[in-house]
Amino acid sequence: MDLARYEAMRAHVLDTIDDLAGPDGSVASEEVVAAAQDRYGASPLFPGGRLRDYCTYTEVDLEARCEIERVPGSSPQRIRRWTGPVSGSATALGGSA
């Protein structure tokens with residue numbers, strides 16, 4: 001995935017969480033994909049119009065970067081903004097804050 005697609009999909013995932021999250025701050029991954037399909041399905045940025053893989057790859061990357069997280073035990077899968085310690089912080093590394 002090139003940088004333009006990644007940046008568009010990253011913004012979409014984070015915006016969708018912010019806009020559609022329930023009281024617990026989470027949104028179903030399926031809703032993120034459906035919203036991406038509506039938003040970018042006809043966009044020349046995503047030729048072919050199939051957005052599921054772009055969403056999945058971007059969600060996995062955002063998880064690795066501690067920007068979002070999966071809600072444990074949720075079925076179907078739900079995601080939310082990261083709620084854990086900031087990666088690389090003294091607290092996350094076992095030190096004091």
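All heavy atoms count here, side chains included; hydrogens, waters and symmetry mates do not.
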### Message
A side-chain contact here means heavy atoms from C-beta on lying under 4.5 Å apart; do D61 and R10 qualify?
### Response
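Result no, sub-4.5 Å side-chain heavy-atom pair not found.
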### Message
If you define the side chain from C-beta out and look only at heavy atoms, does anything of V13 sit under 4.5 Å from I79?
### Response
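Of all side-chain heavy-atom pairs linking I79 with V13, at least one is under 4.5 Å.
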### Task
Could you list the residues that satisfy salt bridge (charged side-chain N to carboxylate O under 4.0 Å, His left out) with R50, not counting sequence neighbours?
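None.
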### Message
Which residues end up grouped with V60 if you chain together Ile, Leu, Val, Met, Phe, Trp and Tyr wherever their side-chain heavy atoms are less than 4.5 Å apart?
### Response
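So far as hydrophobic clustering goes, V60 is joined with none.
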### Residues which pass side-chain contact (heavy atoms from CB on, under 4.5 Å) with D19, listed by chain and number, not counting sequence neighbours
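side-chain contact (heavy atoms from CB on, under 4.5 Å) list for D19, sorted by chain: D15.
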### Query
Who are the side-chain contact (heavy atoms from CB on, under 4.5 Å) partners of E69, not counting sequence neighbours?
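E69: side-chain contact (heavy atoms from CB on, under 4.5 Å) contacts with R80, W82, T83.
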### Query
Any ring pair (Phe, Tyr, Trp, His ring centres under 6.0 Å) pairs touching residues 47-78, not counting sequence neighbours?
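Qualifying pairs, neighbours excluded: F46-Y54.
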### Query
Do you know the tightest heavy-atom contact between H12 and Y40?
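Minimum heavy-atom contact is CB-CE1, 4.0 Å.
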### Task
Return the minimal non-hydrogen interatomic distance between R81 and D18, and the atom names on each side.
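The answer is NH2-OD2, 2.8 Å.
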### Query
So does E30 have more than 12 non-hydrogen atoms from other groups sitting under 6.0 Å from CD?
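No, not enclosed.
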### Query
Any chain of hydrophobic side-chain contacts (each under 4.5 Å) joining V33 to L45?
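The answer is no; the residues belong to distinct hydrophobic clusters.
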Under 3.5 Å, sequence neighbours excluded: what are the donor-acceptor pairs made by side chains of residues 71-78?
from: S74; atom 1: OG; to: V71; atom 2: O; distance (Å): 2.9
from: S74; atom 1: OG; to: R78; atom 2: N; distance (Å): 3.0
from: Q77; atom 1: OE1; to: S29; atom 2: OG; distance (Å): 3.1
from: R78; atom 1: NE; to: S26; atom 2: OG; distance (Å): 2.8
from: R78; atom 1: NH2; to: S26; atom 2: O; distance (Å): 2.9
from: R78; atom 1: NH2; to: S26; atom 2: OG; distance (Å): 3.4

### Message
How long is the straight-line distance from CG of L14 back to CD of E59, given to the nearest 0.5 Å?
### Response
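That separation rounds to 10.0 Å.
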